[in-house]
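Bear in mind the structure is a predicted one, so any value in this text is a computation, not a measurement. Quick note: numbers below take in every heavy atom, side chains included, and nothing from hydrogens, waters or symmetry partners. Just so we're on the same page: letters track the sequence lines, and every chain starts at 1.
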2 protein chains.
Amino acid sequence: MSAPLQEDPSPGNERSTRTGPGRFQDVVEAALTLFAERGYLGTSMKDIAGLLGLRAPSLYNHVDSKQELLREIMVRTMNELLNSHRAVIATSADVVEQLRRAMETHVIYHANNPRDVRIGNAEIQNLEEPVHGEILRMRDEYSASWQSIIERGVREGRFDSPSPRLSSFAMLEMGIGVSMWFRPGGPLTVAQLGYYYGDMALRLVNAAPAAVGRAGAAMAGVVIPAQVDVHRS
Amino acid sequence: MSAPLQEDPSPGNERSTRTGPGRFQDVVEAALTLFAERGYLGTSMKDIAGLLGLRAPSLYNHVDSKQELLREIMVRTMNELLNSHRAVIATSADVVEQLRRAMETHVIYHANNPRDVRIGNAEIQNLEEPVHGEILRMRDEYSASWQSIIERGVREGRFDSPSPRLSSFAMLEMGIGVSMWFRPGGPLTVAQLGYYYGDMALRLVNAAPAAVGRAGAAMAGVVIPAQVDVHRS
DNA sequence: CCTACCGATCGGTAGG
DNA sequence: CCTACCGATCGGTAGG
């Protein structure tokens, strides 16, 4: 997603030409849009080529197969999400702050990358092995990290949850939902969105600071981690 | 979903034979399983026929088109969800109780109908007009009802929410997620699941009764509405 | 980067 | 309920 537009100029890169509209990342970008809109099976190589002003067979100068495009999108997305998550929970030892920041990062990522996230959640069954299994393992790791944060908070007496597993599922899921309706330029900024959802996460485990105030409440002290970039195409 | 297995014997029903494995509802049932597993575009009429021990062309004695199967599933599912919701919020005038019961019903429906719900959320873009628009309108109505419950709770001073819209989205979404992981026969009953999620909904708007206790807490007073049937195939 | 083309599969129809 | 078959489209290759 955030890869530079110019291709790696090293001579070992034999998959892409150096110029023109058909470079690998451009094909991925077109696939990202179309897979998200119509689904993997609902998108043909002809469609992707059309978005780039090409004929379908020309894509195979840059891409091994349609499956490779799905693989690239899913692996990259899950890596970005996991890395952002790991980085942000390392910024505090306080479990309340960890949960709040994890939710902010989670929601901001989903708001900024709706196409990737939609594909990631809708097309798992169309991903072939071994990547299919790898993605499932990464999702498990992500989910397990959330659960362990909540479990630790309960152990430390900071959280109240009848089931850390259910609490973590609820938090993850409500954040994923953001990718389905959030549009930049609306009444809410991405940062505000993150703040509200961070607050909701704390409420879910009864760790919320008293009341949060009305919509538009000041957001002093909110830290948007640097790892989460806010651009989108 | 809950239609009786014997077909309507009225002579006006010209779409289905009265006996045999290929009646309309059986085809829908097979489509339900396969659409949920592989997606609408990933499922062929041959696949559906195979599950019924038939050849693909035989299906057209019972079904107009593949699209009709998707239409039937999506309309029926959304109608059931909306009707359950309307019925359950009519059982109490207290806004806290309405929200709790709405969440219980929402979650129980999603736990009991994972296939329908998965299709309903994944295949909207494969639904043709005018049904596509009708489904979107029903979803809007459902979502709006949740938001108005929260708005009223805030007005009455029972709820605290910086954004009823965001709160309702979060609640809806965390309930939908249940359909992705809940399996009957696990450590949790459907009724317990509904109770926990009802509790989480109240927490999200700071209306939770103090603390809820540990996992396995007593569930005295939980009302599972009769409209929500608990069978699944 | 293109045209021409491959075998496979699709939803659906004809006709019995 | 079947076999035989239709035109369309698919992902991908050959060859330049």
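Whole-Å rounding puts the B/Gln67 CD to C/dG12 P distance at 9 Å. Going from atom CG of B/Leu41 over to atom C1' of C/dC10 covers 11 Å, rounded to whole Å. One can place CD of A/Glu68 at 15 Å from P of D/dG11, the figure rounded to the nearest angstrom. Atom CD1 of B/Ile48 is separated from atom C1' of C/dG12 by 13 Å (rounded to the nearest Å).
Note on A/Arg23 versus A/Glu29: no salt bridge recorded, every NZ/NE/NH1/NH2 to OD/OE distance being 4.0 Å or above. Between A/Glu141 and A/Arg86 there is a salt bridge, with a side-chain nitrogen of the basic residue lying less than 4.0 Å from a carboxylate oxygen of the acidic one.
Taking the six-membered ring where tryptophan is involved, the planes of B/Tyr142 and B/His85 are perpendicular, since the angle between them exceeds 60° and thus also 30°.
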Bracket string, DNA chain D, 5' to 3' - pairs by Watson-Crick or G-U geometry under 3.5 Å, | interstrand: ||||||||||||||||
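The B/Lys46 side chain lies nearest to C/dC10 when the options are C/dT3, D/dC1, C/dC10. For A/Met45, the side-chain atoms get nearest to D/dG11 when compared with the rest of D/dG11, D/dC1, C/dG12. Ranking C/dT3, D/dG11, D/dC1 by closeness to the B/Leu54 side chain, first place goes to D/dC1. Out of C/dG11, D/dG11, C/dC1, the shortest distance to the side chain of B/Lys66 is found at C/dG11. Counting only heavy atoms from C-beta on, A/Ser58 has its side chain closest to C/dC1 among C/dC1, C/dT13, D/dG12. Set against C/dC2, D/dG12, C/dC1, the side chain of A/Arg55 has C/dC2 as its closest nucleotide. Of the candidates C/dC1, C/dT13, D/dC10, the closest approach to any side-chain atom of B/Tyr60 belongs to C/dT13.
Checking A/Pro57 against A/Asp47, the closest nucleotide of DNA chain D that is more toward the 5' end is the one next to A/Asp47.
The shortest non-hydrogen separation linking B/Trp146 to B/Leu99 is CZ3-CD1, 3.9 Å. Heavy-atom minimum distance, B/Leu81 versus B/His110: CD2-CE1, 4.2 Å.
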B/Asp47 and B/Ser44: CA distance, side-chain angles, deciding distance, side chain to side chain donor-acceptor pair (under 3.5 Å) verdict: CA-CA 5 Å; B/Asp47 295 332; B/Ser44 69; 3.2 Å; yes
